[in-house]
Every structure is written in structure tokens, then in C-alpha cells.
Amino acid sequence: MKKEVTKIGVLTSGGDSPGMNACIRAVVRSGLYYNLEVYGIMRGYSGMVENDIIKMESRSVANIIQRGGTILKTSRCKEFYTPEGRQQAYNNLKKLGINGLVIIGGDGSFRGAQIFSNEFDIPCIGLPGTIDKDIAGTDFTIGFDTAVNTAVEAIDKIRDTADAHDRLFIIEVMGRDAGYIALHSGIATGAENILIPEKKTDIDSIIKSLQEKEKRKKLVNLIVVAEGEEFGGVELAKMIKERMPLLETRVCILGHIQRGGTPTCFDRLIASRMGYSAVESLIEGRHNIFVGILNNKMHYIPLDEAVKKKQRISEEWLKIVKILAS
Ligand code: ADP
């Protein structure tokens, strides 16, 4: 028999992503609309373990839809990896009567939620909040679109200076062990080469293509590299320099600017839809799932599937990169 959910907690965990605030707002306001009590848990699972939990009202989430970061803050919580830490977290939730949880975070946060929900009787709903888009079962994750647009804007600017000096620029973008930010931003900025962890890097063919372009007097080249690719931007530049010492090469690591900033309209929209769906899911008795969007429809996927499966890079996309980069 399903238990009625009356008090819910919401938290943001792991790496932050733009759009998390829009998502918190949606969870809080949807919860209040359905007459639930809503609690904000500070600093991810740390707030659960340390009992840093605050009651949320409609005004608590006023004027945040357009802000990057997360008003609830986030953290990586060591204690939550231990059974004692999770027990402590459960005791704190129990004291307040919280009987439903919404976890906005990446695959690590989902792993934590899955373990917690298997141990205790509190239903957990995950919402994919990560710039890396490395969660299987959803076409998009909250923050990815903003991060990619930030990368595109920066790479466009780099192209201007690369063009002025006839240089090769190697631009390293984020994504942990996933290549989506590199792939999307690289295609959108017309990069000559895109290196991602999902595909083995062939240095010989990169050198060959650069030499061939040099012969054609195509000296401006952008290579977009994902941070999780086997060499990374700095090492790659060194290897190219050894083989082509006369080629002017610069490296730019975009870094944390990709995490911040105003979320795009798209991220605000999916964050709002997912936040609402999470509350609806708890009320309807779904548990231990995450909410994804596939073909523009909400989907409810068991948490353990998100944890087991990795997204696949489409072969077609990789073919497009090759054809368009000539
Ligand atoms: P992300 O959610 O962005 O992938 P992390 O991988 O750092 O970020 O995970 C966020 C938090 O989730 C961790 O700091 C930890 O508190 C919790 N977590 C992750 N994996 C586990 C696990 N196997 N068991 C318990 N908690 C976990």
C-alpha cells in the first residue's frame, strides 16, 4: 500500500549547474500548491547528515529563476558514503516528518539516493542537474544547454584572435568523463577537430590533417578537447609542438565559467517541468526513479538504470564532425 506523502525535502548535490535554482523554485511552489510542507536541505547530503534543514515558503524562492548556482548550496558529502552517515541523515528527516525527497544532482547523487532509498522507507525522486549530460534515459540535463552556450560564446571569441594571428587554438572544455559539451560546442563553432573520451584519440591523424591544412594555407584551426579525453589540452599541445614546431599553438582551458551564469530559457523550462513532475511523482506514489525528458515527454526511469547505463555518443554526430571540419 502506498503511503501518503505530506512533507518533502529538496536538495541540490554534487556539481552545481545553472538551472538548479529554477528547479528548486518549481519543487517548492508545486509542493505548496498540493498542500505539502516543503523543506530545503542545505549543502546536499551534508545538510541531511548535519540537520541543516529549513522550511521553505513561496517567497523563499522568489527572484531566483534567473540565477545560476543554487540557493540551497551543494557539496560532496563523505559521511553519506557510510551506513552510519545515512542512518544519521534518516534520523534527522524522521524527526521532521519528511516522507519524500527530491534530489537534484548528477549520477553520483543518484547513486547516493538509490542506496538511501533501498535502506530506508523514504521515496526518492532524482532530477538530472548536471552540465555534463552524462545520464542515460534523458535527452537533456538541467544546466547542459547553458554550459554549452557559454562554451560556444567563449570559443567564438577565441576564433577571432586565432584568426588574427593564424594560430592553432586548443580549447579544453568541461564534461568530466563525458564528451557532450565538447561535441556540441565543437560542432556549433565549426571546430576542426573534437576530441572526446568516448573515442580514442588518433594523434597521427590529427598531425596529418594539420599538415595537410598547412599546405592549403589553412592556418587557423580550433581543436575542442573534453577534459576527460586521454591527453587533455596541455599535453595535446605539447605533442603537436614536438611534431610541428613552427605551428603557433595556444591552449585555453575554459574551466568554471561553464558552470555559472544565467540559465538559458531552455534550462529554465526543463528545470520547471522536471521540478513539477518530481512533486507529482511523489504524490502519485512513484519512488526511486528519476525524471527525464525523452522526445519532449516526461519519463520516469528507475534510479538504478541511470546509475548502470552511460549515455552513448551518436555515430552520426561523429561523422558530421568529420565531414564539416574539412
Ligand atoms: P554528482 O552528483 O555531480 O555526480 P558526486 O559524484 O560527487 O556528484 O556525488 C554527490 C554526492 O552523492 C557525494 O558527495 C555523496 O555524498 C553522494 N554519493 C555518491 N555516490 C555515493 C555512493 N556510492 N554511496 C553513497 N553516497 C554517494
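All ligand and atom numbering here is 1-based and tracks the order in the structure.
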Look at the rings of Phe80 and Phe116 and say which category their plane angle falls in: under 30° parallel, 30 to 60° tilted, over 60° perpendicular.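 Taking Phe116 first and then Phe80, their aromatic rings sit tilted (interplane angle of 30° to 60°).
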Just say parallel, tilted or perpendicular for the rings of His184 and Trp317, cut-offs at 30° and 60°.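 Plane angle between 30° and 60°, so tilted.
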What are the two closest heavy atoms between Met48 and Asn92, and how far apart are they?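 Taking Met48 first and Asn92 second, the nearest heavy atoms are O-ND2, 2.8 Å.
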How far apart are the closest heavy atoms of Phe110 and Gly126, and which atoms are they?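 Where Phe110 meets Gly126 most closely, the heavy atoms are CE1-CA, 3.7 Å.
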Under 3.5 Å, is there a donor-acceptor pair between the side chain of Thr141 and the main chain of Thr130?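 Indeed, once roles are kept as given, a pair shorter than 3.5 Å links the two residues.
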Between Arg86 and Glu79, is the closest basic N to carboxylate O distance under 4.0 Å?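 No salt bridge links Glu79 with Arg86.
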Around ligand 1, what residues show up once you keep those with a heavy atom under 4.0 Å from it?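 Protein residues near ligand 1 are Ser13, Gly14, Gly15, Tyr45, Arg76, Cys77, Phe80, Tyr81, Arg86, Gly106, Asp107, Gly108, Ser109, Arg111, Gly112, Ile115, Arg176.
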